[in-house]
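Working notes, structure below.
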Amino acid sequence: MKPINIKAMVALVEKEPGDQYVPVLKPVLMQILTELKHLRRKNSQLGGKVARYRREKKALEIMLSAVVINDDVE
């Protein structure tokens, strides 16, 4: 999907008199909203992965510290 230059679109709309760009903006805005929805979903999934990796890391650190402590006792 081709990236959308929002600043350029806003500049075009501001320069033009009347409602010339209104019919064009609706599909573009829908595309932007769809992209945002997908990015939010992806961001949410990545956040879940990060949280899982942090929990696993903490568990591994605890296990590693227990192993190191047990090795020092022997």
Side-chain angles (χ1 to χ4, degrees):
M1 184 179 299
K2 186 177 178 183
I4 298 170
N5 187 339
I6 295 172
K7 288 182 181 180
M9 290 295 294
V10 170
L12 284 173
V13 171
E14 289 175 349
K15 289 179 184 176
E16 286 298 321
D19 294 335
Q20 180 179 352
Y21 282 96
V22 172
V24 176
L25 281 180
K26 186 173 181 180
V28 171
L29 288 174
M30 292 303 294
Q31 181 184 5
I32 291 169
L33 291 173
T34 303
E35 284 183 43
L36 281 175
K37 185 170 69 173
H38 291 302
L39 289 173
R40 285 182 180 161
R41 183 179 303 136
K42 187 174 182 178
N43 190 29
S44 176
Q45 291 171 348
L46 290 174
K49 283 183 182 180
V50 168
R52 188 180 78 233
Y53 289 148
R54 284 186 182 149
R55 285 192 303 270
E56 290 174 0
K57 179 184 174 192
K58 182 130 181 118
L60 289 172
E61 287 173 347
I62 291 170
M63 289 179 4
L64 181 62
S65 66
V67 168
V68 171
I69 292 170
N70 287 338
D71 285 346
D72 290 342
V73 172
E74 293 176 12

Quiz prompt | Spacing of Gln45 atom CD and Lys42 atom NZ [to the nearest 0.5 Å] | solution = 9.0 Å

Quiz prompt | Point-to-point distance, once rounded to the nearest 0.5 Å, from CG of Leu36 to CG of Asn43 | solution = 11.5 Å

Quiz item: Can you list the other members of the hydrophobic cluster that holds Leu60, where links are side-chain heavy atoms under 4.5 angstrom apart?
Solution: Met63

Quiz item: Yes or no on side-chain contact (heavy atoms from CB on, under 4.5 Å) for Arg54 and Lys58, after CA distance, side-chain angles and deciding distance?
Solution: CA-CA 6 Å; Arg54 284 186 182 149; Lys58 182 130 181 118; over 6 Å; no

Practice problem: Determine whether more than 12 heavy atoms belonging to other residues, nucleotides or ligands lie under 6.0 Å from atom CZ of Arg52. | Solution: yes

